[in-house]
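Remarks on the structure that follows.
Just so it is clear, the values below take in all heavy atoms, side chains as well, and ignore hydrogens, waters and symmetry mates. Bear in mind that the values here come from a model prediction, so they are computed numbers and not experimental data.
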Amino acid sequence: GNTPSVNWARDVKGVRYVQAIVVSNAADSEMTQLRAFVLGTGGSVLARHAGIRALTVLVKAGTINALAQRSDVVSVSPNREVRRTASTLESITGALTSNVRTGSTKTSYSGWDGTGIGIAVLDSGVMKAHDGFLDGSGATRVARNVDMFNSTAASWSMGLDTTASLKPGSTALSTYEAQINASSDVTQDPFGHGTHVAAVAAGRAKYYATGTPDTTGIAPNAKIYGVRVLDDFGYGTVSDAIEGIQWAIYHAKEYNIRVLNVSLAADSTETWQTDPLCAAVRSATAAGITVVVAAGNFAQSTSMQELYGAV
């Protein structure tokens with residue numbers, strides 16, 4: 001039959017290939033035998049997710065059963081599409097209360113803020129030049145921008161394993177960090193959703209009309225780390241999202257990243273115990289990061305039908 005209209009399956013020269021995320025329990029952290037199996041079937045290893053001991057692979061659809069039955073494989077999941085979700089504002093969340101901030105205007109506020117705290121925003125990027133992210137001296141509080149799309153070495157090319165172990169101090173790690181660095185890009189957020197979400201988390205009110213509520217974010221003056229995993233239209237893949245989460249974990253102590261915001265969602269039919277995105281979020285929590293996750297805007301289809309696995 002024809003390949004279904006999903007982002008993780010494609011027919012290449014009449015053969016159906018799928019991109020999948022394989023969670024492993026191999027004692028070998030490099031998952032050497034598992035990677036060799038993938039290459040031996042004519043597939044490719046597209047990414048290695050050391051934080052959750054998993055691989056993103058490209059394999060023939062006919063080899064999925066054999067892959068899933070291996071003793072060093074816990075679960076096999078499609079590299080599903082992730083989509084942006086929306087958030088809310090300061091006054092609605094209760095940040096503007098007597099025990100948090102007693103006052104907040106366009107030019108000043110009193111009470112608690114996010115000083116000294118780093119917030120990683122896993123989204124479509126963050127525009128560091130936006131006035132809402134300036135500090136008191138006019139300098140941007142967007143400390144770094146990284147783009148996981150720049151790390152993709154292969155997508156639908158067969159017979160490749162271009163991944164490398166990113167050990168601290170290694171050449172592979174420095175090369176990887178240089179590839180994903182997006183701080184000098186003219187446009188760090190071509191879609192705008194990540195900038196919106198970052199402003200909700202830590203923005204300062206800049207534009208509002210007389211009589212409208214203040215739009216300062218929840219933790220003004222916090223440092224922001226834009227981790228781009230969504231494209232120009234607000235879509236991405238679970239694999240890139242996992243890569244972004246791993247980056248935040250790796251740099252958590254260095255940048256004091258205490259909060260990870262994940263305002264994106266993917267359909268799933270799996271338990272949280274095997275779903276790879278859930279595993280990645282749990283690994284961030286285990287590393288001491290508070291993870292804030294949107295509960296999805298996709299409970300109903302455009303024709304008002306109930307959807308399952310959307311949260």
Side-chain angles (χ1 to χ4, degrees), residues 82-97 100-101 103-147 182-183 185-236 241 244 248 255-265 289-297:
V82 294
R83 297 170 284 177
R84 69 281 182 270
T85 61
S87 192
T88 186
L89 299 176
E90 182 190 29
S91 58
I92 300 173
T93 60
L96 197 59
T97 58
V100 182
R101 284 196 292 278
S104 185
T105 70
K106 181 177 179 179
T107 57
S108 66
Y109 61 85
S110 57
W112 295 99
D113 65 9
T115 300
I117 302 298
I119 302 174
V121 179
L122 194 78
D123 215 285
S124 59
V126 178
M127 287 296 291
K128 67 179 183 180
H130 195 288
D131 287 349
F133 302 129
L134 301 182
D135 62 15
S137 62
T140 182
R141 291 181 287 111
V142 181
R144 282 201 66 183
N145 290 90
V146 293
D147 187 343
S183 293
D185 291 0
V186 175
T187 304
Q188 293 92 17
D189 180 10
F191 183 64
H193 186 267
T195 301
H196 156 71
V197 169
V200 171
R204 282 303 316 279
K206 176 65 178 178
Y207 311 103
Y208 68 91
T210 302
T212 61
D214 177 35
T215 54
T216 294
I218 305 304
N221 213 40
K223 294 287 188 182
I224 301 164
Y225 296 87
V227 184
R228 187 181 179 209
V229 298
L230 300 179
D231 65 14
D232 295 14
F233 303 98
Y235 294 87
Y255 299 143
N256 199 31
I257 295 174
R258 302 280 296 278
V259 179
L260 171 64
N261 191 91
V262 185
S263 285
L264 50 81
I289 300 173
T290 298
V291 183
V292 181
V293 181
N297 291 351

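- The OG1 atom of T140 lies 10.0 Å from the CG atom of D131; values are rounded to the nearest 0.5 Å.
- Checking each of V121, V262, V146, L260 against V227 for a side chain to side chain contact (heavy atoms under 4.5 Å, CB included) leaves exactly one that passes, namely V146.
- The minimum heavy-atom distance between N221 and R141, with the atom names listed, is N-NH1, 3.4 Å.
- Note that the OG1 atom of T195 and the CG atom of D123 stand 8.5 Å from one another [nearest 0.5 Å].
- Looking only at side-chain heavy atoms (C-beta outward), N145 and D185 stay at 4.5 Å or farther from each other.
- No side-chain donor-acceptor contact under 3.5 Å links S124 to the backbone of F191.
- Shown here for M127 and Q188, the closest heavy-atom pair between the two residues is SD-N, 3.3 Å.
- Between P220 and R101, the shortest heavy-atom contact is CD-NH1, 3.3 Å.
- Under the side-chain contact (heavy atoms from CB on, under 4.5 Å) criterion, A199 pairs with F133, sequence neighbours left out.
- Closest of all the heavy-atom pairs between G236 and L230 is N-CD2, 3.7 Å.
- Interatomic distance, CG of D231 versus CG of D147, reported as 10.5 Å (0.5 Å rounding).
- By the side-chain contact (heavy atoms from CB on, under 4.5 Å) test, S137 pairs with D135, A139, sequence neighbours left out.
- When L264, V197, V291 are each tested for a side chain to side chain contact (heavy atoms under 4.5 Å, CB included) with L122, only one passes: L264.
- In this structure N256 satisfies the side-chain contact (heavy atoms from CB on, under 4.5 Å) test together with I117, R258, sequence neighbours excluded.
- The distance from atom CG of D232 to atom CG of D189, rounded to the nearest 0.5 Å, is 9.0 Å.
- Taking OG1 of T115 as the reference point, atom NZ of K223 lies at 10.0 Å (rounded to 0.5 Å).
- Taking both residues in full, the closest heavy atoms of P190 and R228 are given as CG-NH2, 3.2 Å, listed atom of the first, atom of the second, then distance.
- Across every non-hydrogen atom of A202 and I119, the tightest pair is CB-CD1, 4.2 Å.
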